[in-house]
Amino acid sequence: RKIFPEEVMEHHEEMWIGYLNTNNRPIGFMQLSKGNTNSTVVGVKALVQGAVMCNSSAVIMMHNHPSGNSTPSEADISLTRRVRQGLELFDIKLVDHIVLTMDSYTSMAEEGLM
């Protein structure tokens, strides 16, 4: 199954987490939340707990914007910073938070928003 199939991308938001090893290779993926057309609730505690339980060294966050606008919202930026701080307590690096649409994406790391 694709992480974000077409029927999801434009209908509701989902947050997925990629857990990475020390070489930034994937060791697992988890759907953290599924929301409505313009938001999804993400628990920082559950995200960090999953990373610790997977013994991951790094994490990538990914979520979609059904609106078609890949620009991160203020809520996205705030969440990313809270997650980064929580992961740092366990020496786990937040590599990126990627916002996806059907036609584009925004890497918050590349945009300096982390």
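Residue indices begin at 1 and follow the sequence shown. Computed from a predicted model, the values in this text were never measured in an experiment.
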Taking Ala109's backbone N and O only, do any of them form a donor-acceptor pair with Asp96's side chain (distance below 3.5 Å, no angle check)?
yes
Would Leu32 and Val41 show up in the same hydrophobic cluster when neighbours are defined by side-chain heavy atoms closer than 4.5 Å?
no
How many angstroms lie between CE in Met108 and CD1 in Ile98, if you round to the nearest 0.5 Å?
11.0 Å
For Glu111, give me all partners under side-chain contact (heavy atoms from CB on, under 4.5 Å), at least two apart in sequence or on another chain.
Thr106, Leu113
Given side chains that start at C-beta, do those of Leu89 and Gln85 come closer than 4.5 Å, heavy atoms only?
no
Using the side chain to side chain donor-acceptor pair (under 3.5 Å) rule, take Thr101 and Ser70 through it: C-alpha gap first, then chi angles, then the decisive distance, then the call.
CA-CA 6 Å; Thr101 69; Ser70 67; 5.2 Å; no
For Asn38, all residues meeting side-chain contact (heavy atoms from CB on, under 4.5 Å), sequence neighbours excluded
Asn36
Taking the side chain as every heavy atom from C-beta outward, state whether Pro66 and Glu13 have any pair of such atoms under 4.5 Å apart.
yes
Separation between CE (Met62) and CD (Gln31), nearest 0.5 Å, reads 11.0 Å
So how far is it from Leu47 CG to Ile17 CD1, rounded to the nearest 0.5 Å?
4.0 Å
Judged by atom type as modelled, is there a donor-acceptor pair below 3.5 Å linking the side chain of Thr80 to the main-chain atoms of Asp76?
yes
Less than 4.5 Å apart, any side-chain heavy atom of Val42 and any of Ser33?
yes
Distance, nearest 0.5 Å, that separates CD of Glu88 from NZ of Lys93
10.5 Å
Within residues 91-114 or reaching into it, pairs that qualify as ring pair (Phe, Tyr, Trp, His ring centres under 6.0 Å) - sequence neighbours excluded:
His63-His97
Taking every heavy atom of Ile27 against every heavy atom of Cys54, the minimum-distance pair comes out as CD1-O, 3.4 Å
Would you say the side chain of Glu14 lies within less than 4.5 Å of the side chain of Thr40, judging by non-hydrogen atoms?
no
State whether the side chain of Asn64 and the backbone N or O of His12 hold a donor-acceptor pair below 3.5 Å, judged by distance alone.
yes
Heavy-atom donor-acceptor pair, Asn69 side chain to Thr71 backbone, under 3.5 Å:
yes
So, do Leu79 and Val44 sit near enough that their side-chain heavy atoms are less than 4.5 Å apart?
yes
Joint hydrophobic cluster, Leu87 plus Met53, side-chain heavy atoms closer than 4.5 Å
no
So, for Val99 and Pro72, which heavy atoms are closest and what is the spacing to 0.1 Å?
CG2-CG, 4.2 Å
